[in-house]
Amino acid sequence: MKQLMLAAAVGALSAASVMADTKIGMITTLSGGGAGLGIDVRDGFMLAIEQSGRSDIEVVIEDDQRKPDIAVQLADKMIQSEKVDVMTGIIWSNLAMAVVPAAVNQNVFYLSPNAGPSALAGKGCHPNYFNVAWQNDNLHEGAGAFANTAGYGNSFILAPNYPAGKDALTGYKRMFEGDIAGEIFTQLGQTDYAAEIAQIRASGADSVFFFLPGGMGISFLKQYADSGVDLPVVGPAFSFDQGILQAVGDAALGVVNTSQWNKDIDNPTNAAFVESFGAKYGRLPSLYASQGFDTANLLLSALDKAAPSDADAFRDALRAAEFDSTRGDFAFGPNQHPIQTIYAREVVREGDVLTNKIIGVALENHSDVYAADCKM
Amino acid sequence: MSTLLLIEQILNGLQFGVMLFLMSAGLTLIFGVMGLINLAHGSLYMVGAFAAAAVAGATGSFLLALITALAAAATAGALVEIVVIRRLYRATHLDQVLATFALILIFSEGTRWVFGSFPLFLDIPDALSGPVSLPGGIKYPLYRLALIGIGILVALGLWWLTARTRLGIQIRAGENDREMIAALGVDISRLYTIVFALGAALAGLAGALVGAIQSVQIGMGEPVLILAFVVIVIGGIGSIKGAFVGALLVGLTDTLGGIFLPELFKLFMETDAATQTGSALASMAVYILMSLVLIWRPTGLFGARA
């Protein structure tokens, strides 16, 4: 499934144009269970490229099917035969770990629109690797901080048994000051949570933290709502994004989740983004779409200053991050991961659509703990 | 660990087991009667769930949604049998695997084409939502009890069908000797289509019932399919009774293993390490069970042939 998109062939060839064409390679998940995330990242990214009106940017988009081996093959092809200058698009941390270190060592720039594994934020940081979304722990740390302000004293926590799941529980515990009533690692891709819910009921906890992205979260929330356990639930935005809220239904109403972005963040860029995304694709954008959009705008801001062939100047231009982010002010920390505010959002109903509304700030100008280990 | 929690977990295991039975009954029938390995069985489960979600969304009736799911999966099953599978009975198992794997991809992308990439909404009907109090003060979701009930009814229905009806006699005869019943004048290709559609309908029913408490999304059938294969290997390929016993064993092992293994490791390990080791071992539990059964009885619990 190869899609070759020539971005906005607006202006005719101009003899004055001295800048060489820039080739972007996007590897993302466009088929299978996790496709909704990749499609949102792609659509947000392409929207920004289209709005820039630039005809000298070529984006090659490929589907990794959420499989690390396929992602590696695609990356090799993009770097060696397509000769891309910049890569982006990967959704899942395990795929990022398989692709990113090799890519940046071959002098390709990688801008992450989603995955932020701790291994690439600390000792494994690299001058050519920029994360425009978050370090994996960030939203979970936000959830822990929110649980403190909400006055929870005893949380039951659960996440899937894979690296990002472990990061999630670690992140929550790093910030949460109360006790842990129980801690469960579920199977990755698990669809039935009756056993875990029974344990939550028996545990005597006063709150539940869970990180179950995508379909796992839909299953958990529906079953939780039907079980009669009525402890408050908190989690990162990944189980409450615009793509899956409608599938969860009313079971999600009132749940607090943490995110670095929401459609009601008040700045002109965000308002224009939400409006133009809806006009073009006929749906509300998710946080993934906002990350794709920001990634493209960061890239465009750097391309205005330097070409990727001039690696040092291009890197400095990326580091400066002089673009209008949908999140408001945007800055990179020393490990080239964002320093940003994490918000607490609540799921509300607007007309017939379920969506999120910001109810407060969970962590202000938050960085990550791995930055200290990054020596660049 | 209280008795109440234990009873609740046993109920969870039973509920999981009977849903697995709906999946594996069709799989084992199709393998038993036609000797066909159908990897696309999970896609029929997905078809049932999507049909139910679409109809429930349009009409608001869960009963209508269930009926549509049965009909849609049976129709899809019959079509697939007539168009594709019929050409594969004489082929090797490898060709069958290849062709039915292609069907998985076709079904997944076709579903995406029709319904889009985002999960659909399907909810429990109001009459069955919320928990009920069982004797002893256990609060248990009514819908899950209903699932156990439906699963047992379907099992009884299948037993009646195979043991007491003319179609059942033909199915059993077909398992024993295909050439002979064809020679006796039974329309074998019609029988195959019916068995395939029946298996598909059961998978579709399971998809619709489970879809209401899980997420209706593309690729939802494949994880269940793997467990369904484990079930029919444990129960003995071709045996409905084996599928029933195997499904309950797998359901209980998976559920109780997930709870008790981490607890067991906590007796002599640090909590963190115990949780991780226990969870890792719990996800292997059903495969360990399968190996043990195969060592003890290579044909499965009720299997006639290897």
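FYI, side chains are in, hydrogens and waters are out, and symmetry mates aren't considered; it's all heavy atoms of this structure. Proteins get letters first, then strands, A, B, ... in listed order; numbering begins at 1 in each.
- Between chain A and the residues B/Ala282, B/Gly211, B/Ser129, B/Ser279, the largest count of heavy-atom pairs under 4.5 Å involves B/Ser279.
- Your options are A/Glu183, A/Met216, A/Arg201, and the one with the most heavy-atom pairs under 4.5 Å with chain B is A/Arg201.
- With respect to chain B, the highest number of heavy-atom pairs below 4.5 Å among A/Ile218, A/Leu169, A/Thr186, A/Ile184 belongs to A/Ile218.
- Side-chain atoms of A/Ser286 come within 3.5 Å of backbone atoms of A/Tyr288 as a donor-acceptor pair (strictly under, hydrogens ignored).
- In terms of modelled atom types and a separation under 3.5 Å, the side chain of B/His41 and the main chain of B/Met23 share a donor-acceptor contact.
- Of the two parts of B/Ile213, the backbone and the side chain both hold a non-hydrogen atom closer than 4.5 Å to a non-hydrogen atom of chain A.
- There is no contact between A/Leu221 and chain B, counting heavy-atom distances below 4.5 Å.
- Ranked by heavy-atom pairs under 4.5 Å with chain A, the first of B/Gly130, B/Gly116, B/Ala280 is B/Gly130.
- Neither the backbone nor the side chain of B/Pro262 comes within contact range of chain A; no heavy atom of the residue lies under 4.5 Å from a heavy atom of that chain.
- Both the backbone and the side chain of A/Asp192 have a heavy atom closer than 4.5 Å to some heavy atom of chain B.
- Under a 3.5 Å cut-off, the side chain of A/Asp206 and the backbone N or O of A/Asn154 do form a donor-acceptor pair.
- For the pair A/Lys222 (side chain) and B/Gln214 (backbone), a donor-acceptor distance under 3.5 Å is present.
- Taking a cutoff of 4.0 Å between a charged side-chain nitrogen and a carboxylate oxygen, A/Asp43 and A/Lys280 do not qualify as a salt bridge.
- With no hydrogens or angles considered, no side-chain donor-acceptor pair links A/Ser259 and A/Asn356 at under 3.5 Å.
- No hydrogens or angles considered: a donor-acceptor pair under 3.5 Å links the side chains of B/Gln9 and B/Asn12.
- Heavy-atom pairs under 4.5 Å with chain B peak, among A/Ala202, A/Ala198, A/Gly189, A/Gly243, at A/Ala198.
- Both the backbone and the side chain of A/Ala195 come within contact range of chain B, judged by heavy atoms closer than 4.5 Å.
- Using a 4.5 Å cut-off between heavy atoms, B/Glu222 does not touch chain A at all.
- Looking at A/Val229, neither its backbone nor its side chain comes within 4.5 Å of chain B, counting heavy atoms on both sides.
- In this structure, A/Arg42 does not pair ionically with A/Asp63, as no charged nitrogen and carboxylate oxygen lie closer than 4.0 Å.
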